[in-house]
Each structure stands twice: as structure tokens, then as C-alpha cells.
**Q** 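There's a structure below that I have some questions on.
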There are 2 protein chains.
Amino acid sequence: MITLTERQSLILKAIVRDYTEGGNPVGSKSLVQELPMKVSSATIRNEMARLEDLGLIVKTHLSSGRIPSIKGYRYYVDHILKPEKVDGQDLKVIQHSLGGEFHKIDEIVAQSADILSQLTSYTTFTLRPELKDSRLSGFRLVPLGNHQVMAILVTNNGDVENQTFTIPNDLTGDELEPVVRFIDDQLIGLPLQDVLRKLQKEIPLKLAKYLQDPDGFLDIFGSVLSKAASERFYVGGKLNLFNYTNQQNPKELQSLYSLLDQTDSLANVIGPPGQHIQVRIGNEITNDLLKDYSLITATYDVDRHGKGMIAILGPTAMPYSRMIGLMGAFQRELARKLLDYYRYFDE
Amino acid sequence: MITLTERQSLILKAIVRDYTEGGNPVGSKSLVQELPMKVSSATIRNEMARLEDLGLIVKTHLSSGRIPSIKGYRYYVDHILKPEKVDGQDLKVIQHSLGGEFHKIDEIVAQSADILSQLTSYTTFTLRPELKDSRLSGFRLVPLGNHQVMAILVTNNGDVENQTFTIPNDLTGDELEPVVRFIDDQLIGLPLQDVLRKLQKEIPLKLAKYLQDPDGFLDIFGSVLSKAASERFYVGGKLNLFNYTNQQNPKELQSLYSLLDQTDSLANVIGPPGQHIQVRIGNEITNDLLKDYSLITATYDVDRHGKGMIAILGPTAMPYSRMIGLMGAFQRELARKLLDYYRYFDE
DNA sequence: ATTAGCACTCTTATCATCAGAGTGCTAATG
DNA sequence: CATTAGCACTCTGATGATAAGAGTGCTAAT
């Protein structure tokens, strides 16, 4: 366990701040002016040598200034940093952007990714509240004529999912009615997970009484059901990658960029909702492509409607203090907005 | 009007091919070996000087080899190139990818952009057949409970558009029925454009007889209607940009990349459906960001269901011959597939 | 414990040099 | 007259030398 003296701590803090803002290695002379106490550059050099021994800062070459190591950022984040109070202007932007009218949870969560990316100039990820407690609350089959039927599924959270299918011969509403009633009788009120399970086993058998050829219908129902039960993951500010990357190699840039389209890989990296706010720096991120970046994740809690996540991806040299303050504020605002939204469907 | 001798034509062709394949300026010595006739490098140099006077090829510096100018590519495309017969393997890929079952036109057209980008390694655009002749063939309002209603709109082409709305107080199907019947009576069978027009004028007045507060409903109907009437534009292989760009500047790359997300700007560049296959090279493209690239557009024709477009964006140094062959084949296959699809709704 | 001073290291920019590739021109050739 | 061999000339790109600037580590003095 590393313990730093007051002065060492101040020096590390100054190095992190300087490097984060200016992007250049920090030398002893420039630190003289920035530190609150009056010391010479030689003293600072001595202290820096100790910090280097501890592995908190490194040189880029033998006689260069120092930059924080991953361990240094870690120490800074864990022991030195204080979350910055969120800027009043930023808070207004958040509240205003979330204040509009939305028709879907997913719209809110997707928009959150965009706002957050605008505020930070980084890339952001948002995950809607977990669906594990979602229950099936309605199912409809709407014949549209022209060999087409739309299947609509509603959950108790107000989520609506639909899909249109082409069928061989036109059906009327009357023919579909017994099927819908069967679903209503047997499955309404069950968690989606249970419905998915039953779909594999009992339902096909029972349904055979109502329909001669249940396969087609089962495909339709299964398809729209799994659409509703899948996790939804949103990415904001993909293009911002170009602002904060120091990757020059176009090949690397491309694979990095395409990672941002692989929502399943990313969902793994972000991990399941946890506690509060987490900072992962450099190789602490479980994806080699991101080993030169930092990831801040925050879990927001919408009571019994589950937990969701927001995250930002940026350079290791990011203004952690401001970012963490911002995440905290966003987390609260988003949770509030969603609670508000759900209130409709709770009555 | 430029006319080239047989030999000059062969030299230009060889320069285009060499540069397209190798990416390096082409010198007189390397051409000696590639030309079918037996001439010395000095002769070729003389011919090249003439081609340069005509503005068909240029030097990158005083003593470099030559590369085709935009005018040179133009001449090559217009007078020399023969469309390459499409590779059997490629044709199979196209037919197989379009062979599956689709539930929507837009799925087919979107998938086309992806296939084409895979086959070419470039960026591709597709535009669904024009909707100007689309007519309204059905409208539904489905109450979902929980303050939600889904509006569904169907056109005679089988296109289905829907949107879910949150409403202040729950309505039953009975209350919505007169509205739906009103729409059915007054608007079914009309072109979407006419419906849009009427929505501005007569409808609000007439509707007042059925509903106390028609504004909410008009918003809903208008929203889903304009969704159905809007042009749909798909982009494939955005990431391929990194393969063929020679842009190094990250700022430029970023604005180029973000252009690929602005479907309306792009739709303008691609232009309305025209005749056959068109090649636009460098500054012939009406967008300054694309002045170092080439665009090949092709119009496909689905009889009375209108015309759509496919396009590929690549470097000016692209294998035009192969690309044009490919576009021709794709154009035919796509038109066939869509005719097939529409046959359902024509009965 | 702190500091001044200095030798040392490494980066970065600038400049000269040189081989390689290609051209244009001239004079010779069929 | 078209073609060709030969040669001087130009430009690129790689390599290496040089010098200024920034920063360090160490020593000796305070």
C-alpha cells in the first residue's frame, strides 16, 4: 500500500492536471510555479525521482519530463481527486435535453448517449434498465391485408415491440383471435424470460389445438419476443474518437472504430450494472484495443424497474475530476426522468 | 473533341490500369514491357508528352512518372473502357444474398448496400424505388393499454409504417373507430402526396365533426404519414473509407466520415434516378469534400413501381471496368428481386 | 533537508548529401 | 519522317551530421 507525503501528493496532482490539460510531459521547472509552496526545481526533481521509484510517474525517454503512469492515474483517482461540482450550464443542458416528451424508454436512453457525448467530447455508451423483471402485458396480431400481419408485444414497463410478417394466404382477424386469446390466457403477466422458456416447451403442444400449423406463428411470436427481451445498447459520439485518439495508424483506427459498432463486445466491456461510479484506466479495461484509453462507468437505479448504465470512453489523460462530477449528475437526472416516465404505467 | 491514335489510346489505357493497380506514377520504361507492340521507351516518352499536352495525364513533379488526370479518367471511361463481365463468384454472392426472404422493401434495399460494399471494398449507397406513386391502402389505430396507441399505415406497395404514442387518457377501440372509418372513407386509395396536402387543408375541418380535439390525432397521423412518404437512403461499408482514402489529416477524415451520416446531403449528390450507369470523377461530383473520389451511380427500374438507385464511392483510381460490370449485374438482380417482391401486392 | 550548478541525455528541426527513377532534348538511324 | 540511343537535368526520399532546447541526475555547498 502506497502512502504519499502531502507534498508528493500535491506534485502528483499537479503533474496529472498539467499533463491532462496540456498533453506534454511535465518538467520540474514548470512545476515550481504551480505548486502552492515555495521550493526549488531541484527539490521537486528529488521528489519526482521518488514518485518514479513508486511507479506513479514515468519518463518518455531518459531525460524527458514525466507523465503519469496507469498506476499514477489510479492513485490519483483513488486518493487525490475530488469530484468537481457540475457546471451550472452543463446541468441545464442535461435537464433541458431530458425534459422533452418521449414515447419510448429507448429514445430517452439513446438520447442520453448523445447528450453525454456532446458534453464530454468523448464517446459514450448507455444501457437501458435491465429487462429481467419485464413482464408480458399484451399481445396483438393485426392483419394488414396484402398478405401481411403485424405482431405487437407490450410489456408492463410500457415497452412496445413490433414486427411485420408476410404470410402465404390472407387471414382475417377472426382466424387469429383464438391464438391471441390463447396467448392472453396463458402468458400475460409472466416475466419475458419465463415466456421465452415456455416457448421452447409447453406452448407448441398446447397451441396445436388451436392451429393446424403452429410453426409459422411460433416463429413470429418468438421473433418479436426476443426482440423485446434483448438488451439495448447505445453509442454516442462515435466520431469524437478522432478528437481524443492519438492513434495514427489507419488500420488500427479502423479496427478501433469498428469496435464501436460491435455492441455485444462493448456490452461485455462495460460489464453488468454495479455500484456507483467506476473508473477503469488503460489495461484495466478488458479489451486490448482499449488499453490506451480510460473508461468511466456509472450505474443508475430506477427502483424496482432495474438498473441501467452510462459510460464514457476517453483518453487516459482525461479530466477525471470534471468527468466524474458530470457522470454523477447525469446519473441522477436520468434516474429521475425514467422514474417519471414509468409512473405512467404503474397505476 | 479529343481523338487519340490507336497507340496513344493503348498507352493511356496501360497507364490507367497500372496506376489503378499499383498506385504509383507510371514511367516510360515500365510501359515498354506492358504494351503489345515493340517500341522503345523514348517513343513512349514522346507519346506521353502529347498525352500530357492534351491534359489527359499529369506529372506529380517535374521528373516523375505520369498519372491520369481527371480528364484522362474521363476519356478512359468514355472511349476506352469495356465493362468487364461480372465474375461468376460475385454473381453467386449477389444472387444468394438477395435470395432470402424479406419482409420489407427497405430490408432488401439496405442489405443491397451491404453486399455491394463487401464486393467492392468501397462505400455504397442505395435508394429505394421512388414513392411518388405510393397510395394509402390502410390505416389502423391499435390501443395498447397503458396510455399507449399504435398508429399503423399501409401503402399499396406493401410498405408498413408505424409509430407508438403516449396519450393522456386511455381510449378504447370503440372511441377510435369513427376516426379510422373517416380516414378509410376519405383517403384510402389516394397517393401519399395528396394525403399530405389534404392534411394541411380539408381534413382538420371535416375531422372536427368526429373529435372534440383533433389536433392530437392530426399530429399522430401526420407523423406516421411523413415517415412513410420520406425517401429512404442507405449507406454500406462506411468503414471501407479507411481503405481507399489517401487523406491523412484526421480533421478532414472526420468531416468526410460525418458526411456519410448526412443522408440528405448525400441524396443530393447521388441525384435523382436517371438513365443507366453514370460515372462521376473527382470534381465532377457536386460536393467539395468528395473532389478526390469517384462516384458510380446506376438507376434500377421496377416497372410502374418506380426507379431506385445504387451507387458506389471509391478513389478516382478505381478499377472502373470491373466496377461498371458489377453495377450492371447488381442493377439487374435487384430489379428482378423487387419485381418478384411486388408481385405479392399486385394481385 | 534544501538548493545551486553543471555535465549529460534525448528530442526535434534543419541542412547537406546521394542514389534512384524519370524526363526532355539532341543527334543519329532506317 | 518516325524511331531510337544517349545524356544532362530534375525531383524524391532516405541517411546522416549538427545544433538548440528541455530536462534530468548528481555533487557539493548551505
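When reading the values below, keep in mind they use all heavy atoms of this one structure, side chains included, and skip hydrogens, waters and symmetry mates. Order of the sequence lines sets the chain letters (A, B, ...), proteins ahead of strands, with each chain counted from 1.
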**Q** Should B:Ser63 be listed as having a side-chain N or O under 4.0 Å from OP1 or OP2 of D:dC11?
**A** no
**Q** Given that A:Gly27 and B:Thr60 both sit by DNA chain D, which one's nearest nucleotide is further toward the 5' end?
**A** B:Thr60
**Q** Under 3.5 Å for both donor-acceptor distances, Watson-Crick or wobble: does D:dT4 have a partner, and if so which one?
**A** C:dA27
**Q** What is the pairing partner of C:dT12, taking Watson-Crick or G-U wobble pairs with both distances under 3.5 Å in any strand?
**A** D:dA19
**Q** What does B:Ser28 touch in the nucleic acid at a heavy-atom separation under 4.0 angstrom: a base, only the sugar-phosphate, or nothing?
**A** sugar-phosphate
**Q** Are any of the side-chain heavy atoms of A:Leu116 and A:Ile310 separated by less than 4.5 Å?
**A** yes
**Q** Whole angstrom is fine here: how far is it from CG in B:Leu35 over to C1' in D:dT3?
**A** 15 Å
**Q** Nearest whole Å is fine: how far is D:dA2 C1' from B:Asn46 CG?
**A** 9 Å
**Q** Test side chain to side chain donor-acceptor pair (under 3.5 Å) on B:Ser40 and B:Thr43 and set out the steps.
**A** CA-CA 5 Å; B:Ser40 77; B:Thr43 307; 3.3 Å; yes
**Q** Within a 6.0 Å radius of atom NE2 on B:His79, are there more than 12 heavy atoms belonging to other residues, nucleotides or ligands?
**A** yes
**Q** As a quick check of understanding, evaluate side-chain contact (heavy atoms from CB on, under 4.5 Å) for B:Tyr244 and B:Thr123, giving each step before the final call.
**A** CA-CA 9 Å; B:Tyr244 62 81; B:Thr123 304; 2.8 Å; yes
**Q** What heavy-atom pair brings A:Ile11 and A:Glu47 nearest, and what distance separates the two atoms?
**A** CD1-CB, 3.6 Å
**Q** Just call it for A:Lys59: base, sugar-phosphate, or nothing, with non-hydrogen atoms closer than 4.0 Å on any strand.
**A** sugar-phosphate
**Q** What does C:dG22 pair with, Watson-Crick or G-U, if both distances are under 3.5 Å?
**A** D:dC9
**Q** Show me the protein contacts with nucleotides 18-20 of chain D, counting only N or O atoms at under 3.5 Å.
**A**
none

**Q** Categorize A:Ser41 for me: base, sugar-phosphate, or nothing, with a 4.0 angstrom heavy-atom threshold over every strand shown.
**A** nothing
**Q** Distance check needed: D:dG21 P versus A:Lys29 NZ, whole Å only.
**A** 12 Å
**Q** On DNA chain C, which is the earliest and which the latest nucleotide, 5' to 3', with an atom closer than 4.0 Å to a heavy atom of chain A?
**A** C:dT2 to C:dT11
**Q** Who pairs with A:Tyr234 by ring pair (Phe, Tyr, Trp, His ring centres under 6.0 Å), at least two apart in sequence or on another chain?
**A** none
**Q** Please report the distance, rounded to the nearest Å, between CD in B:Glu47 and P in D:dC1.
**A** 16 Å
**Q** When rounded to the nearest 0.5 angstrom, what distance separates OH in B:Tyr122 from CG in B:Asn240?
**A** 10.0 Å
**Q** Can you give me the closest heavy-atom contact between A:Arg66 and A:Ile57, atom names plus distance?
**A** CG-CD1, 3.7 Å
**Q** Please compare A:Arg66 and B:Val39 by the position of their nearest nucleotide in DNA chain D and report the one closer to 5'.
**A** B:Val39
**Q** Provide, to the nearest angstrom, the distance between the CZ atom belonging to B:Arg50 and the C1' atom belonging to D:dC1.
**A** 12 Å
**Q** For the residue pair A:Ala329 and A:Val86, what are the closest heavy atoms and their distance?
**A** CB-CG1, 3.9 Å
**Q** Is it true that A:Arg322 and A:Asp90 have a side-chain N and a carboxylate O under 4.0 angstrom from each other?
**A** yes
**Q** Pairing check on D:dT30: which nucleotide meets the Watson-Crick or G-U wobble criteria with it, both distances under 3.5 Å?
**A** C:dA1
**Q** Using whole Å, report how far NE2 of A:His61 lies from P of D:dA22.
**A** 12 Å
